[in-house]
Every structure is written in structure tokens, then in C-alpha cells.
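Working notes, beginning with the structure itself.
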Amino acid sequence: MKKKLVSLLLSASMVAALVGCGGGDTGSTPDASNGNTSTGDSANNESGDSAASNYDLTSLNIVVDGTLTATLDNGQADFEAQWEAAVSEALGHDIDLTIQQLDHSGYIDAVGRLFAGGDMPDAMIMPAAMFKQYAPTGLLWDMASAYDNAEFQSRMILPDVNENLKDSQGHLYGFAYGYGNGCVTYVKKAWLDAVGLSGSDIKTFDDYYDMLLKFHNEDPDGNGTNGDTYGVIAAGFLGNEAPYVNYLPEFWQDAYPAIYPGDDGVWVDGFQSEETKAALLRLQKAYADGAIDPETLTASTKIAREKWFSNDQTGSAGAFTYWAGTWYQTLTDNLKKNEVDSELVQLAPIAEVGAYLNREAPVWVIIDDGDGDSSREQAIFDALIETMMDGDKVQTLWTYGAEDVHWSTKAETFTTNAGTDDAKEYSYEDGEFHLKQSPNDENTLWKKNLIDPALVVCELTNGYSDSSSLAVEGNKFFTANCVDAPTSPTSETYTNETGTIYDAQLEVVTAVVVNGGDVDSAMATYVSKVGGTIDQILEELNSQE
């Protein structure tokens, strides 16, 4: 079960406690913010340039998740050093950058433990659902003035992404560096071929389910044994952050098992709906039939990915719904690396789904120190976010990584998968921008760092572009087949109780899907446990102006 992160951290008592405890020094995470809260209005107290000029920022401590692909074993030290050099040149003074990269699958819980211990970073990445929970607490700095006056405004190509993040009072507590993206269903073509199907055959849920059953009951991996493979694997039957259903969309269909605004604008609890009950029964049958890998209940994204593209395909699955664009290339590369047939089919949304969900974008946030003076926070904005969108050196670092480590413009020739049937030679002339081999895997071509060049909100003006054909194809496929996910809720009770609600939802999923229990009985238990809380949340949301 997920820890009750939000109720632990964001209740009034915990926010108050964070004010008093200050930042703890763990030896690996320098404290720069004192852990204080604020009203969130300090950004408008001073203009950006004058505020920043009043603060001498010498160090910057940031917390990131797995979306920063320049990890410790994959060139992060080089990225950090080149960032420090480029920012020093841009701002005229040195800043020591400290990156704390937390496990991607458990990021929300890990941030909760970090904050509870008083180790407040200067800035961090927050997934959209997490951001919605933290935005009202006073922990995050209102960067509206800094954003509105940023130099990069002249290069914005998707301004609505951040304008839509502003609340009704015009406050902006996070900066989205790209639009959200979403998941599509990938299927191993070799498995389709083995069971006599093609991607174009899969048009309805019945078609999809028939495919999954064939993947389980027949021998799609060709090892001579029927029944030792599965139809699909996912990182959980139900996600703990928006858009919740993106890893098994074919089963959830028109259900959205979360609190969201209906077509009439009235907030409802979609988990209690008849559509959710029907989805749970579809999952129950698939679990019993072997169409879904039983490890799905507890699998993290990492476990699900690695099982899917494992060198030993016994116990693997034929379908996997995961992120579009760059991941199309990454999944293909991992199959190839593990000597598994690597051609994938992107399934168009089945009729009952209609479209994949484009999630709300992750954001950078700056922690407010609560002293009523924006100087420090503005200096962080200038050093981190303003330079990140400079259109040139620093944006290239965040987009592609370190020069001559992850990418280069120097003449060179190299070969990936040398001596195999998948060997590929790359040759570049001097001055030609190109991506290099990954620092920790010479047989894999580097793809990007944090920012997806196809999703970025601000133009990269130096002409550097090297998205793979599969990534481009994947982004094009997703944008042609997606709609925006429902808006996430923001209310005090929701912020405090979301962990408890998710635990109650997982109890229903486990009782119905895994244990084969009665859906109405399980739902009645859910209502008895959190129904009153849900009603309070809906009252708060529907009374908001």
C-alpha cells in the first residue's frame, strides 16, 4: 500500500511543524530554504530583476525523479559540471549545483519522507497530481511575476500550458517545461504474427481481449510451451496519480475512477460509478483468465518494463501500455539489446476507449522560505528556470545532456551492437550535431535528458535537433489519438486525505480483481470507509467559485 503521504505532510499541523523544524542536514542534501512556509504572494512584492539582485545565490539544491535520464551512472556529473559553467557565464557568478535524484516509481513517497525530515530543497520536479496537492499549502513560491517578466517569453511556442496552470487569483506555483504527454498501447509484432493477428485487427474490446487470450493460451514467444505467457502487464491496475487509468485504458474505457468535474462542471467521485464497477469486472475476468500478468497488482513501472522486454520471454506479455514518443524508441532499443524481436505495433485506441489521455504536465516548483522577501526565490528562478529556457547552451543541457558525453558536434564514427545482425554504424562530420552512445551502454544511442524536444514549451534556437524517427512517429501518433485528461481536484480535505482514499480504492481493486469478490460489496466497504470524506471533498470543490 502507498504511504499516506499527503495526509502526513500537508495537514495544518505538519505545515506548521515544517516552519519550526528548519532544514535538516543529512550530509548529502544541503538545506537552502530553512523549510519555512509562506502565504504564496511574495513573488509580487518586487520586480524580478531587482529582487534577484538583492540575493547572492551561491548554491542550488534540486530534487528530481527518473525523468532526468542523465543519472549518476549515465553522465550526471558531466551534466552538472557543464550546467555550472554555462550558468556562471550567463549570470556572472558561480553556483554550486546539487542534484538529488529519487527513485522514479516511489517518488511521491520519497519526497514525503524528505520533507517530513526537514530536508527542503530549493526547487524540485513535481508530477501534476502531486503539484495540485502541494500548491495550496504555502510551501511553494508564487512565480507568476517572475514568469510573466521572464526573458524567455519571447521564445514561447506553447504559452497556454503555463497560463492554464495559474489559479483564479493569477498565482503560478509551478512551471511546466513541456506539455504532458501520455501512454499508448504497444504490442510485439512477432507475437501478433505468431497468433495470426495484425494490429489493424484490434478495433474493439472484444478484439483486444481475444488477442490477450491468444497471447496467454498459445505460444507467442515460440518456446514450445503454451500458457506460460500473458496478454498484458501494467504497473498496477490503478495508478496513484492522474490520469490513473493510463496503463490499462482498454479495461477502464469510459470509467475515470477519481474525483473529477463532469460535463456539467459538477465534481463527482468516478470511483463509485457504474462505469468503474464494470471496469473492475472486466479486470476481474482478465485476471482469472490469465490475460493479465498477476504481478500487475504490485509491479512498479521498472518491474513491468523489464519483465516485458526481458531476454527470457517466458512469463512476459505481448502488450504493454506506456509513454508515447521517446519511449517508443527506448522500448524498441531494450528489446533489441536483450536479443528479442524488437518491432512494435502502436495500437490505435479501441472503439470503447476512443482516445488516449494526455496528462497534465509535470512542473518545476520553488520552495518558499516564508520570509516575505522574494529575493532568494527570484534568484533561484533566474538560475534554474530562466536559464533552462535560454534557447541555447543551458536548454541544450536539459534537452540532450552534456556536450561530448551525450551529444557532440565533433567528427566521429562509432558502431552499436558490433558483430551482431543489429550492428549499425554512425558517421558524422565536424560541426554536425548528433547524439552519442549512452555513457553506460555503448550499444544504445542516447535520446534525451529531461526535456523532450518534441514537447517543449519554449523554442530551442540553436538548431540542435536529433529526435529518432521512432520518437517522432510516436509523438505524432499520440497527438493524433489523444484528448486531455480530466482536471485534478484541489481542496484542503482532498490534499489531506488523498492517501487514505487511494488505499481504500486499492482494497476494492484487490478484493474484486485479485480475490474475485463481489463488486457491490467491495464498493459498499469503500463508501463506509471514505464516503464521508468524499462527500466533504465534493462539497468543498462544488462550492468553489
Side-chain angles (χ1 to χ4, degrees), residues 10 15-16 18-23 30-63 83 87-88 90-98 115 118-126 131-154 156 159 161-177 363-390 394 457-458 490:
L10 300 181
V15 172
L18 288 174
V19 174
C21 71
D31 170 56
S33 68
N34 298 322
N36 295 331
T37 62
S38 77
T39 63
D41 293 327
S42 60
N44 298 312
N45 292 343
E46 303 178 60
S47 66
D49 291 342
S50 63
S53 66
N54 295 332
Y55 192 89
D56 182 20
L57 186 70
T58 59
S59 64
L60 179 64
N61 172 30
I62 63 174
V63 170
W83 183 94
V87 170
S88 175
L91 301 183
H93 61 89
D94 292 341
I95 297 177
D96 179 34
L97 177 65
T98 298
F115 279 19
D119 293 325
M120 309 291 281
D122 294 312
M124 65 175 295
I125 292 173
M126 277 191 176
F131 169 63
K132 288 292 185 71
Q133 296 160 7
Y134 276 78
T137 65
L139 287 170
L140 310 183
W141 182 59
D142 175 12
M143 62 178 72
S145 178
Y147 170 78
D148 290 341
N149 292 288
E151 189 274 336
F152 60 69
Q153 286 288 349
S154 62
M156 292 291 286
V161 172
N162 281 286
E163 289 299 326
N164 292 338
L165 287 177
K166 292 181 178 178
D167 65 18
S168 58
Q169 286 77 46
H171 300 143
L172 181 66
Y173 296 109
F175 172 76
Y177 48 88
V363 300
W364 280 101
V365 301
I366 295 172
I367 305 301
D368 196 319
D369 63 11
D371 64 359
D373 180 351
S374 333
S375 300
R376 171 185 159 276
E377 291 84 355
Q378 178 69 51
I380 294 170
F381 181 94
D382 291 346
L384 179 65
I385 296 176
E386 183 77 84
T387 65
M388 185 183 296
M389 298 287 109
D390 69 353
V394 185
V457 299
C458 195
T490 302

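Heads up: numbering here begins at 1 and tracks the sequence.
- At a threshold of 4.5 Å between non-hydrogen side-chain atoms, the residues T387 and D382 do not count as touching.
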Evaluate the criterion side-chain hydrogen bond (donor to acceptor under 3.5 Å, both in side chains) for residue pair D94 and S88; output intermediate values, then yes/no. CA-CA 5 Å; D94 292 341; S88 175; 2.7 Å; yes
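- Using a 4.5 Å heavy-atom cutoff, the side chains of V63 and I125 are not in contact.
- Side chains of T58 and I95 form no contact here, defined as non-hydrogen atoms less than 4.5 Å apart.
- For N162 (side chain) and A176 (main-chain N/O), a donor-acceptor pair under 3.5 Å exists by modelled atom type.
- The aromatic ring centroids of F115 and Y134 lie less than 6.0 Å from each other.
- Within the 4.5 Å cutoff, the side chain of F131 has heavy atoms near those of the L165 side chain.
- Between W364 and Y177, the angle of the ring planes lies from 30° to 60°, which puts this pair in the tilted group.
- D167 contributes a side-chain N or O that, together with a main-chain N or O of H171, makes up a donor-acceptor pair within less than 3.5 Å.
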Candidate pair M126 and L140, rule side-chain contact (heavy atoms from CB on, under 4.5 Å), full reasoning: CA-CA 11 Å; M126 277 191 176; L140 310 183; 4.2 Å; yes
Stepwise, does the ring-ring contact (aromatic ring centres under 6.0 Å, His included) test hold for F152 with F175? CA-CA 13 Å; F152 60 69; F175 172 76; 5.5 Å; yes
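- Ion pairing of D371 with R376 is absent here, as no side-chain N (NZ or NE/NH1/NH2) approaches a carboxylate O to less than 4.0 Å.
- Under the 3.5 Å distance criterion, the side-chain polar atoms of E151 are left unmatched by any main-chain donor or acceptor of E386.
- For the salt bridge (Lys or Arg N to Asp or Glu O under 4.0 Å) test, residues two or more places apart in sequence or in another chain that qualify with D148 are K166.
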Walk me through whether W141 and I367 qualify under side-chain contact (heavy atoms from CB on, under 4.5 Å). CA-CA 6 Å; W141 182 59; I367 305 301; over 6 Å; no
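- Proximity of L60 to T98: side-chain heavy atoms (C-beta onward) are nowhere separated by under 4.5 Å.
- Side chain of E377 to backbone of D369: a donor-acceptor contact under 3.5 angstrom is found.
- Looking at Q133, its side chain never comes within 3.5 Å of a backbone N or O of T490 through a donor-acceptor pair.
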